[in-house]
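Note sheet for the following structure.
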Amino acid sequence: MNELCQLTLHEAKALLERGECSAVELTEACLARIEEVEETVRAYITVTPDLALEQARAADEARVRGESAPLLGLPLAIKDVLSTRGVRTTCGSRILENYVPPYDATVVARLRAAGAVMLGKTNTDEFAMGSSTENSAFFTTRNPWDLERVPGGSSGGSAAAVAADECLAALGTDTGGSVRQPAALCGIVGLKPTYGRMSRYGLIAYASSLDQVGTLTKDVRDAALLLEVLAGHDPCDSTAADVPVPAYTAALTGDVRGLRLGVIREWLENPGLDSGVAAAVQQALETLTTLGMEVREVTLPHSDYALPVYYLIAPAEASSNLARYDGVAYGFRAPGADDIWDLFARTRGAGFGAEVKRRIMLGTYALSAGYYDQYYKKAQKVRTLIKQDFDRAFEEVDVVVGPTSPVPAFKIGERVDDPLQMYLADIFTISVNLAGLPGISVPCGFASGLPVGLQFIGKPWDEATLLRVAYAYEQATDWHTRKPAL
Ligand code: GLN
């Protein structure tokens, strides 16, 4: 293996700036790694080698001309739910199998403007609905730490690509945990910013009050670097708030003395928590104490309602968002229809997979006349209570902490026939989306030889403190330097 593909973004950036390697060399190293391991890992739906090399050459030429940009010449992968102009964007679905967007998502445009190189589009559960990539219409991605196991999901392709060094970093999306959970299962760093921190223009919608773009990286500094480039107001997305974007990399001081950390009691007492995961999290809490943080317990009394609330709100919004796939304007169209209603039914029947159909039915039911107040509106009220639990906790502490996933990577096929078991994979991540908060997962050890993730959750818009704490923890440990023997 060419070691260039193992670098973090900031390490590669330093080499490029010192003239010790070129963007073409970095890109070729990643493409060679893709060639080497992709047959077993299967992280990418589409690889774009020609485009990548063209962008890398342009980056090298720009550097020769004396130009600079924050990500100039750095190769990244992009989850296949983010629109890329001229490059097929499938959402892991048959219904968009041949869809080529005419425009870039804002986050993709910002990557391009920052000089980044795009290696390709990564696998995902269909329309980001899932926790393992097993709901992808195309194939299941494998966990680089154990090829019999899932990489997590729905951004499992991005997480596996980063963990296997098939790119330096990747973009994902997180509606209920889809960046943090696969990051935990693949032993890397996954950041979901505050709802509204990054534009979602061009992110193909799943559940609009929850969806947020996030990053999958090899360390915390890279997460800060990407957030600096991607965050900020966008006139194309009314939810992308006009809030100042601080210099996140400057927040990485390594000093967390006196900061208050809240340990979520309900999460550590959850009966579904694997004992190996619990032990790794306990050890991490001790490390955080030795760093001078004031560790205390906090309580989120409405924790038990997060899962049911999410599985009403997310499917309800999905059923509305996915109404646009009808075979008329774009995407797959089923042949042989007798009339327009038959066309809709045949197209959606053949174009969507089982989990997407299940959620459309659930969501349509929850929104239907007579049930709206009973289910959807009730869920929204409980959502407010969940948010208030966090508000109260943040009156006492600066950051809260808990496990990211209750279990390490599970076996392919183990949960796929039992939707409830699959939904439980996100028990500790979904409340963060319901409350709109920023969260990050960082590696904190191993359980049964598989990576474990530690989740920090911050106050709204306070990614700076969140990253500062995550960075200090990372610096005190070496979990993030471990690589799978692939
Ligand atoms: N696993 C959750 C779901 O299936 C979360 C997915 C996500 O964050 N996109 O909805």
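Residue numbers count from 1 along this sequence. All values below were derived from every heavy atom in this structure, side-chain atoms included, with hydrogens, water molecules and symmetry-related copies excluded. In each ligand, atom 1 is the first atom listed, and ligand 1 is the first ligand listed.
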Handout entry: SB check R110 D104 (cutoff 4.0 Å)
Key = no
Practice task
Ignoring hydrogens and angles, state whether a donor on the side chain of D222 or T217 is under 3.5 Å from an acceptor on the partner side chain.
Solution key: no
Problem - Short side-chain donor-acceptor distance under 3.5 Å, R88 and T46 - result: yes
Practice task
Fit a plane to each ring of F352 and Y325, take the angle between them on a 0 to 90° scale, and name the class: parallel (under 30°), tilted (30 to 60°) or perpendicular (over 60°).
Solution key: perpendicular
Completion exercise
Lining ligand 1 at under 4.0 Å, by non-hydrogen atom distance, are residues A128, M129, G130, S131, S154, D174, T175, G176, G177, S178, Y206, Y310, Y311, R359, D426
Handout entry: Residues D146 and R149 bridged, charged N to O under 4.0 Å
Key = yes
Exercise for the section: Return the minimal non-hydrogen interatomic distance between G177 and D426, and the atom names on each side. Expected result: CA-OD1, 4.0 Å
